[in-house]
Amino acid sequence: MSLLDRFFDKVLNRKSVFRDKKALSIDYIPEELPHREQEILKLAGILANIIKGTRPSNVFEYGPVGTGKTAVTKLVMKKLYERARLHEIRFCFSYVNCRFYRSNYRALVKVAIDSGLRIPKTGLPTDVIFSMFVKRLEEKFDFFVVVFDEIDWLVKFSGDDILYQFTRLNGDLRNSSVSIIGITNDVKFRDYLDARVLSSLSEETVIFSPYSQGQLYDILLHRATLAFHNGCISDEAIRYVAAVAARDGDARRAIDMLRVSGEIADREGSNIVTLEHVKKACNEVEKNLIGEILAALPPNQQLLLLALASLSKKGNGKITTGSVKKEFDAFNKRIGRPTVTLRRLNDYIAELETLGIISSTVVSFGRYGRTRILKLEVPTEVLEEYLLKDSIYREIYLD
DNA sequence: CTTCCACCGGAAGTACCGGTAA
DNA sequence: TTACCGGTACTTCCGGTGGAAG
């Protein structure tokens, strides 16, 4: 038997610590959501009107990342759907993650498709699709609920036109009705929303608060019993994850860490997930997060970060917009790629700032102008590790 | 007090792309 | 094929603006 054959056999025969890894995936929705009973009941209470035959209020859900907004909503919608079918109520819903459907047009198409219409991804005018959707509603459904998850992305990129249209849709509908659930974690979201839309959107509000360490422990324990074989994860490991994640009460990150811990244990051929595995996982998750973000960035933004890194390495004081622009232009010239205007560069800076990769503060030097002071929020070594994989970047960076 | 620097950031426009309907 | 539709990725234009210098 060859080396490889023996290796494959070994992999095949190796026992995994996982019983059901799906239970730790991001889009897994368990039947039970510990410590979210209040929120589930509140949301279900609002939507239960559908079973009774009256239109439920629009709902606005607010809370930081990883507090169960999406999970609670999906769970309630699923149960509601089953229940409505039981009572032969013509009910349908659409779940739109606005991070992916961030233009009015795309979001509308997603909703229309979920209502059962066959719509091309592009090419049709918006109002045509809207009237197709309205017709569909009148013909097929008594109730329709649209969930806009991460609704702030939609509004930020495309304004609130579509929300306005949806909120006033009920006035035109005779046989059916539409309700909207908006979900966000952006505190400032309310500021850039039209007052009319805001008031009709928040007929009801459900607030989600971060999990405490104890609550995180319960959640992790619950998921771990689903995902791991009995006794394949130590209690101290779970406690450690709960403690780390308690910093920002983010259950999604905690669950992700648990999954990676298990993968590391498998990789090392261990039959139990130990504290060591978990500690490694914490580092890996953190690093991967940054790496994935950096890799997904458009080349110009990567180059901007490189320019920033190079300037901060030279270390001659504060880095202003102007100095970055100069370095950025120089880099582009060396690669032989056209550069962009300062206006566009400002947009890059703003985008990188919302991603948390850089931070900036406006300062005034009086006579010597007003500008922004830029700072990298990611260690330069980490940045170099991920960006200098590209040989073109290496050439221009190491001067 | 006024000036004026070095930008900021909104609005509108341009070019190109992939798609549909007639 | 042509006339649209919407998206992306910019550019052009231009009216601000905090505060040291004059």
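Below, read A as the first sequence line, B as the second, and so on, with proteins coming before strands; counting in each chain starts at 1.
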Contacts of A:Glu139 meeting salt bridge (Lys or Arg N to Asp or Glu O under 4.0 Å) (sequence neighbours excluded), chain-then-number -> A:Lys135

Examine distances only and state if a side-chain atom of A:Arg223 and a backbone atom of A:Ala23 form a donor-acceptor pair shorter than 3.5 Å.
yes

Angle by which the axis turns from one end of the helix from B:dC1-C:dG22 to B:dA22-C:dT1 to the other, five pairs per end, to 10 degrees
30°

Integer-rounded Å distance: C:dG7 P and A:Trp153 CH2
17 Å

Check side chain to side chain contact (heavy atoms under 4.5 Å, CB included) between A:Ser57 and all other residues, then give those that pass, not counting sequence neighbours.
A:Ile46, A:Glu203, A:Glu204

Applying side chain to side chain contact (heavy atoms under 4.5 Å, CB included), name anything that partners A:Asp329, two or more places apart in sequence or on another chain.
A:Lys325, A:Thr339

Tell me every residue that passes side chain to side chain contact (heavy atoms under 4.5 Å, CB included) with A:Asn271, counting only those two or more places apart in sequence or in another chain.
none

Quick tally for nucleotides 17-22 of chain C: nucleotides whose base has a protein heavy atom under 4.0 Å get B, sugar-phosphate-only ones S, the rest -, giving BBBBSS

Please list, chain by chain and in numerical order, all residues satisfying side chain to side chain contact (heavy atoms under 4.5 Å, CB included) with A:Arg90, sequence neighbours excluded.
A:Asp142

Any base atoms under 4.0 Å from A:Ser360, or only sugar-phosphate, or nothing? Heavy atoms, all strands.
nothing

Within residues 342-358 of chain A, find the residues that approach DNA chain C with a heavy atom at under 4.0 Å, and present them sorted by residue number.
A:Arg343, A:Arg344, A:Tyr348

Under 3.5 Å, sequence neighbours excluded: what are the donor-acceptor pairs made by side chains of residues 214-222 of chain A?
residue  : atom : partner  : partner atom : Å
A:Gln215 : OE1  : A:Ser212 : N            : 3.0
A:Tyr217 : OH   : A:Asp235 : OD1          : 2.5
A:Asp218 : OD2  : A:His35  : NE2          : 2.7

Side-chain donor-acceptor distances from residues 61-71 of chain A under 3.5 Å, at least two apart:
residue : atom : partner  : partner atom : Å
A:Glu61 : OE1  : A:Thr73  : OG1          : 2.9
A:Glu61 : OE2  : A:Thr73  : OG1          : 3.1
A:Thr67 : OG1  : A:Pro64  : O            : 2.6
A:Lys69 : NZ   : A:Gly63  : O            : 2.8
A:Lys69 : NZ   : A:Pro64  : O            : 2.8
A:Thr70 : OG1  : A:Asp149 : OD2          : 2.7

Output all residues satisfying side chain to side chain donor-acceptor pair (under 3.5 Å) with A:Lys326, sequence neighbours left out; order by chain, then residue number.
none

Along nucleotides 17-22 of chain B, 5' to 3', which nucleotides get a B, which get an S, and which get a -, given that the test is a protein heavy-atom distance under 4.0 Å?
-BBSS-

